[in-house]
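One structure is given below, encoded as structure tokens.
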Amino acid sequence: MRMSRMFFQTLREVPADADTVSHQLMLRAGMIHQIAAGIFDILPLAQRIKHKIEDIIREEMDAIGGQEVTLPMVHPAEIWQRSRRWYEIGSDMARLKDRNGRDMCLGMTHEEIMAELAAKFISSYRQLPVMLYQIQTKFRDEPRPRAGLIRVREFTMKDAYTFDRDEAGINAYYPKLYQAYFNIFDRCGLDTVAVASDTGMMGGSMAHEFMALTGIGEDTLVICDACGYSANRQVAAFRKPAPPTEAPLPLEEVATPHVETIAALAAFLGIPESQTAKAIFQIATVEGPDGQPKDQFVFAVVRGDMELNETKLTNAIKARRLRPAVTEEILAIGATPGYGSPIGIDRSQVLLLVDDLVAASPNLVAGANREGYHLRNTNYGRDYTADRVLDLVAASDGDGCPTCGAPLRTVRGVEVGNIFKLGTRYSIAMGATYLDENGESKPIVMGSYGIGPGRLMAVLAEVLNDENGLKWPITVAPYQVALISLATDKTPEVAAAAERIYADLVDAGVEVIYDDRNERAGVKFNDADLIGIPIRLTVGGKGLQRGVVEMKLRRNGETAEFAVDTLVDDVWDLIADEHERIQARVVERVLAE
RNA sequence: CGGGGCGUAGCGCAGCUUGGUAGCGCGCAUCGUUCGGGUCGAUGAGGUCGGUGGUUCAAAUCCACUCGCCCCGACCA
């Protein structure tokens, strides 16, 4: 590709709207263009990167039996109504009507469509297991797109689905996906960790997220450096500290004017936050006795120094939704915002959940449900009892690892892929069944497995860069080689040599971008660095006099000289070396269950 | 949806407080100059000042409404 013909423009200045490195650099490199919140044009340079990532994904999926398909992006409502997700999913699903007024939606995922397909084509155990996948556009009307391509509304996703006859079947398939996912990320040059995750709106029994560790991540992970335990903070277990042992003291009301936060309370009374209990008021949408959704006031109590884990709470009560209660709702159950506690409230309207550590801790300070007052020495069992006592809090830095007890560490990460054991929810809804050896009809057991190639590209940009620009690994780089001609009007022999070298490289099958523009050397070097081409070749008068072109590796700045006579072979050797380097990252991983 | 910020040329910004027919840098075009890490000079093209309504002799500027974008939170395979 001649740079003079390439559809792109690099920017010196950083567009004001971009505040993550990947967004800034991809804009500056002329790779993407935004046309609405979370909706982007992918320009030629980025398109090539995305294609390479997708090809790696294809190879790995095919290697474990995947068969590629393309499913539609516009779906009839009826299919989504059969799984009930038409009703359960809110505004994230973009809905529309066709010309006949029929309800349709834009596909945000394809479990239903895949299960429908399986229902149509799978009838015997002899056809199982099977895996189908596609690389296709999804639309999710995210409430808040952010960080360039990291979180967008329209995006490409590789979604794969396995169909097995039973749990044992998917238990055998799942580790293959686990390994394939690591292969994909490793081959793209991205470090990831797999963490156990919440199964969320997808339902299912087991799930892993593949996370790239970066400060811009929207997820918090909990990691144990000692034993390797890792989990999304939403589901992370940990060892709670032992509660102090002391005899219960008499309940005592104490005036605490204008002390409405745990921090203020601890400071006011001169006690550690761990000797307080805090009340969190939530409204959960749960299934009522009649099967209809209803709002339930949930009163959660956790120790003052700890944080409520809303995922644990949601899962514990099987809530469909959870939102903070508003002041009127809190007052209506007899509690006082800022001074709340389970003592003295109207229990008939409330589901009271108490963290197990609170229940075991004596003499905690809690609110008096009276403006300006708290209670000293509240004791679970004596002063109040809960509907349920359970683990409700989120793991934090320094908490004990659930497997080995060493201190846990929290880090931020971006989810670049996930794998799910779905179970039979969608196959039952869609009637995807098979006959076993005994002629018995059984639901197919499904798994679903996603990767966002666009997000993966953005995460690579986020992680692999320096002050001069991007640094793509050879496996995904838009071009392997940037050939820079330093010819001027006065050095046509340099131009001729560069042209010849370009032609030779192209003939040899090297992916080369040739900077034939009439620009100064600095402009060309800077653009090559910004775009992040892994291998840079410079053809200049100085080198040519000695019969060499100069090579510089973008990744580490290493330089070498290649003789013009052997250039093509030298370049191929270097490309092979770079691939070898990446391949060396691919290792066998064992799924710890 | 709650909180905050911003909409003026492709990009980055000034002008707005104190209304008077829109400017700078980069980029783009042409010419010359220079040529191994974003040369220098000249000329030029390019703007419904996000939109609508209002106030006024006069609105980028003041007022109201509205749309869009970004950030934090909520939410999220």
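Chain identifiers are assigned alphabetically (A, B, ...) following the order of the sequence lines, protein sequences preceding nucleic acid strands; residue numbering begins at 1 within each chain.
- Checking side-chain atoms of A/Arg554 against main-chain N and O of A/Asp529 turns up a donor-acceptor pair under 3.5 Å.
- Using a 4.0 Å heavy-atom cutoff across all strands shown, A/Asp17 reaches sugar-phosphate atoms only and no base atom.
- The closest side-chain donor-acceptor pair between A/Ser396 and A/Arg233 falls under 3.5 angstrom.
- Across all strands shown, B/A45 has no partner, as no Watson-Crick or G-U wobble contact with both distances under 3.5 Å is found.
- The distance from atom CD1 of A/Ile35 to atom P of B/C69 is 11 Å, rounded to the nearest whole Å.
- Contacts of A/Phe155 with the nucleic acid, taken as non-hydrogen atoms under 4.0 Å apart, include base atoms.
- Of the nucleotides present, B/C1 is the one that pairs with B/G73 by Watson-Crick or G-U wobble criteria, both distances under 3.5 Å.
- Distances shorter than 4.0 Å separate some side-chain N or O of A/Arg12 from OP1 or OP2 on B/G27.
- Distance A/Leu530 CG to B/G37 P: 18 Å, rounded to the nearest Å.
- Considering only side-chain atoms of A/Ala16, the nucleotide from B/C13, B/C69, B/C35 that sits closest is B/C13.
- Rounding to whole angstrom units, CG of residue A/Leu27 and C1' of B/G12 are separated by 13 Å.
- Checking A/His208 against A/Tyr181 by side-chain atom types alone, no donor-acceptor pair falls below 3.5 Å.
- For the C1' atoms, the distance from B/U66 to B/G41 is 47 Å, rounded to whole Å.
- Residue A/Gln34 places at least one side-chain N or O closer than 4.0 Å to OP1 or OP2 of B/C70.
- Residue contacts for A/Glu218: at a heavy-atom cut-off of 4.0 Å it reaches no nucleic acid atom on any strand shown.
- Distance, A/Lys542 NZ to B/C35 P: 13 Å, rounded to whole Å.
- Between A/Arg520 and B/U34, a side-chain N or O to OP1/OP2 separation shorter than 4.0 Å is absent.
- Spacing of C1' atoms, B/A45 relative to B/A60, comes out at 23 Å, to the nearest Å.
- Looking at heavy-atom distances under 4.0 Å, A/Asp159 makes no contact with the nucleic acid at all.
- Rounded to the nearest Å, the gap between the P atom of B/U56 and that of B/G15 is 28 Å.
- At a threshold of 4.0 angstrom between heavy atoms, the contacts of A/Pro15 are confined to the sugar-phosphate backbone, with no base atom among them.
- Among the atoms of the strands shown, none is found under 4.0 Å from any heavy atom of A/Arg455.
- OP1 or OP2 of B/C72 sits under 4.0 Å from a side-chain N or O of A/Arg146.
- Within 4.0 Å of A/Gln282, counting heavy atoms only, lies no atom of the nucleic acid at all.
- For the residue pair A/Ser485/A/Asp516, the side-chain donor-acceptor check at 3.5 Å is not satisfied.
- Between A/Leu43 atom CG and B/C11 atom P there is a gap of 14 Å when expressed in whole angstrom units.
- Atom CZ of A/Arg28 and atom P of B/G12 are 13 Å apart (whole Å).
- More than 12 heavy atoms of other residues, nucleotides or ligands shown are found within 6.0 angstrom of CG on A/Asp397.
- Residue A/Ala487 is classed as having no contact, given no heavy-atom separation below 4.0 Å to the nucleic acid.
- In this model, no donor atom of one side chain and acceptor atom of the other lie less than 3.5 Å apart for A/Thr538 and A/Glu550.
- Nucleotide B/A64 forms a pair with B/U52, judged by Watson-Crick or G-U wobble geometry with both contacts under 3.5 Å.
- Looking at A/His110, its side chain never comes within 3.5 Å of a backbone N or O of A/Gly107 through a donor-acceptor pair.
- Nearest to the side-chain atoms of A/Ala37 among the listed nucleotides B/C69, B/G38, B/C13 stands B/C69.
- Between A/Phe210 and A/Phe182, the ring planes lie perpendicular to each other; the angle is over 60°, past the 30° to 60° tilted range.
- B/G37 atom P lies 14 Å from atom CG of A/Asp515, rounded to whole Å.
- As rounded to the nearest Å, B/A22 and B/C35 have P atoms that lie 42 Å from one another.
- With C1' as the reference atom, B/G3 and B/C11 are 30 Å apart, rounded to whole Å.
- Taking atom C1' on both B/G46 and B/A9, the two are 6 Å apart, rounded to the nearest angstrom.
- Distance check on atom C1': B/U55 versus B/A42 gives 46 Å, rounded to whole Å.
- Taking atom C1' in both B/G7 and B/A14, the straight-line distance is 15 Å, to the nearest Å.
- Among the heavy atoms of the strands lying under 4.0 Å from A/Gly543 is at least one base atom, whether or not backbone atoms are also near.
- Using Watson-Crick or G-U wobble geometry with both donor-acceptor distances under 3.5 Å, B/G23 finds its partner in B/C13.
- With a cut-off of 3.5 Å on both pairing distances, the Watson-Crick or G-U wobble partner of B/G32 is B/C40.
- Counting non-hydrogen atoms under 4.0 angstrom, A/Ala18 reaches nothing in the nucleic acid.
- Put simply, the side chain of A/Glu519 and the base of B/G38 share no donor and acceptor less than 3.5 Å apart.
- What separates CG of A/Asp529 from P of B/G37 is a distance of 13 Å, to the nearest Å.
- When distances run from any side-chain atom of A/Val523 to the nucleotides B/C72, B/C11, B/G38, the shortest one goes to B/G38.
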